[in-house]
Protein chains: 2
Amino acid sequence: MLEKFLAGRRRGELSDGELAALEASVDAIVEFPARQIIVPHGKRVETCMLLLEGFMTRYMDGADGERQLVALHVPGDFVDLHSFPLRVLDHDVGSMTPVKVARFTHEAIERLIVEFPNLARQMWFSTLLDAAMHREWIFRLGRLGASGRVAHLFAETERRLRMVGLSEGRSFALPLQQSDIASACGITPVHTNRVLRDLRERNVVTFSRGTVRILDLAQLHREAEFDDGYLYPSDR
Amino acid sequence: MLEKFLAGRRRGELSDGELAALEASVDAIVEFPARQIIVPHGKRVETCMLLLEGFMTRYMDGADGERQLVALHVPGDFVDLHSFPLRVLDHDVGSMTPVKVARFTHEAIERLIVEFPNLARQMWFSTLLDAAMHREWIFRLGRLGASGRVAHLFAETERRLRMVGLSEGRSFALPLQQSDIASACGITPVHTNRVLRDLRERNVVTFSRGTVRILDLAQLHREAEFDDGYLYPSDR
DNA sequence: CGACAACTTGAAGAACCTCAACCCTTGTGG
DNA sequence: CCACAAGGGTTGAGGTTCTTCAAGTTGTCG
């Protein structure tokens, strides 16, 4: 049942036994409404969640209330696996859409990694994939202009969704508002709007009512300086 | 021999046996000159390095040759432990000063984590600390202005050096050039110079010839919106 | 002392932000 | 079915921040 969700975050294969043990360890399938804090920062965490449906984000709020997204999570992501070694998160985890997750208690994770060292390795790998994406976001914010940042967000998300079968490479659902894109890219909502118009008018990509339509993938990647190597894709 | 270096990146304690095994696993103590690429991106990596002396960085270069630092490493950091699960790095690792490192082969790491599950956990934790710092850098770049970014870099580095006994809280060695600070903060060297003058003239912090002198720590933290929680400090 | 690299400063312009108004869509109650 | 409210999206004008380019100045090392 979980197998198809794990395609985007694997280093090598999972055995049938490992997969079965993972599925047997699921504490519960849980649903949350959109726009809700799922895991607050600074509080002891006892579970981890594998995202099955919907979009989630991790974010930090600044002193003036301005929000910075630090990650966008798509189905297949082990959203807060970081909380297992860390125990307390330095950031909030929230839902952007209604979401469905498979919840695991930390005790269950503990048992799994003792019994299946390969699963431990896979989980470590998964969290380091998050770290690699963090680094790419640092690069995006530090070295790209506003339109490059938005292009990069689209390019990365398209590539990640394609890994789990949620994009065919031309258009995909990205149920965010312009202000969410602004929060991810370190720019204002107003400027995000202008950037989107610019990308649209130059026939690179359009974003409207939660759908991204890529008109020129090569140009999108060029403007984003995007190379998918950091995602360690298994499907190429 | 390694013990004093590990103070900043521990979750709980290491037993004498674990420490001894770690020390026995050191492949070699290696020195590198300043300003050298130590681990290039995209190439299979077979070893990891624990930084003993000097400063190292991880960075990515953009299409126009502009460099973005994604991490600054201080003594005690397991610099490229990410390469163990990832096998290939998405970024370069380089020395800023002459450095001395303890090198471990991946095979040695493999043996260690099989025999000492607690070491495996510590190593996972260490890489997630890097991820937490990455998130903070994302916040810094996305939500702070130029002087806040520089202040944040100084605040974070001071706190980390204090954890390993290399800062007393008032002044510390940070052997970087203004252009390195620029690379870390996503601003130009020229603007970095103006920001440093501003911080100096407002009696917050000075930076001169590789030394940071903190004049008003509270104000530095305020401007950086700095809270050390994400470093999971064990010394408070 | 001379050469070189790093640092410093000024001036002009580009990128992005702020503020304020308006538009368009969607949902709701009469 | 219409009126209207609310939230998100769009546009314009003007200001701030940061960049770019170019010209010094300072410090270091042979």
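Every value quoted in this text rests on a predicted model; they were computed, and no experiment measured them. Chain A is the first sequence line, chain B the second, and so forth, proteins listed ahead of strands; every chain is numbered from 1.
- As rounded to whole Å, 15 Å separates atom C1' of dT10(D) from atom CZ of Phe207(A).
- Taking the six-membered ring for Trp and thresholds of 30 and 60 degrees, His134(A) and His134(B) have ring planes more than 60 degrees apart, a perpendicular arrangement.
- With hydrogens and angles left out, the side chain of Arg200(A) and the base of dT10(D) share no donor-acceptor pair within 3.5 Å.
- You can see that DNA chain C meets the heavy atoms of chain B within a 4.0 Å-exclusive cut from dA6(C) to dA11(C), reading 5' to 3'.
- Per the geometry, CG belonging to Asp198(B) stands 16 Å off P belonging to dT16(D), to the nearest Å.
- Taking atom CZ of residue Arg194(A) and atom P of nucleotide dT10(D), one finds them 11 Å apart after rounding to whole Å.
- Using modelled atom types, no side-chain atom of Gln36(A) and backbone atom of Gly94(A) make a donor-acceptor pair closer than 3.5 Å.
- At least one donor-acceptor pair under 3.5 Å links the side chain of Arg149(B) to the backbone N or O of Leu141(B).
- Protein atom CD of Gln177(B) is 13 Å distant from nucleotide atom P of dT28(D), rounded to whole Å.
- Rounding to whole angstrom units, CG of residue Asn193(A) and P of dA13(D) are separated by 16 Å.
- dG9(D) atom C1' lies 10 Å from atom CG of Leu196(A), rounded to whole Å.
- For Thr188(B), a side-chain nitrogen or oxygen approaches OP1 or OP2 of dT19(D) to under 4.0 Å.
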Can His41(A) and Asp90(A) be said to form a side chain to side chain donor-acceptor pair (under 3.5 Å), step by step?
CA-CA 5 Å; His41(A) 73 276; Asp90(A) 48 287; over 6 Å; no
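- Using modelled atom types, one side-chain atom of Arg160(A) and one backbone atom of Leu72(A) make a donor-acceptor pair closer than 3.5 Å.
- In this structure, Phe226(B) and His152(B) have perpendicular ring planes: the angle between them is above 60°, well past the 30° mark.
- At a cut-off of 3.5 angstrom, the base of dG9(D) holds no donor-acceptor pair with the side chain of Arg209(A).
- Remark: side-chain polar atoms of Thr97(A) are not paired, donor with acceptor, to backbone N or O of Ala34(A) under 3.5 angstrom.
- Using a 4.5 Å heavy-atom cutoff, the side chains of Val101(B) and Leu51(B) are in contact.
- Of the possible donor and acceptor atoms, none in the side chain of Gln178(A) sits under 3.5 Å from a partner among the backbone N and O of Thr192(A).
- As rounded to whole Å, 16 Å separates atom P of dT25(D) from atom CZ of Arg197(B).
- In the helix from dC1(C)-dG30(D) to dG30(C)-dC1(D), the terminal helix axes, each the rotation mapping four pairs' C1' atoms onto the next four within five end pairs, subtend 30°, rounded to 10°.
- Look at NE2 on His191(A): it is 13 Å from C1' on dT17(D), rounded to the nearest Å.
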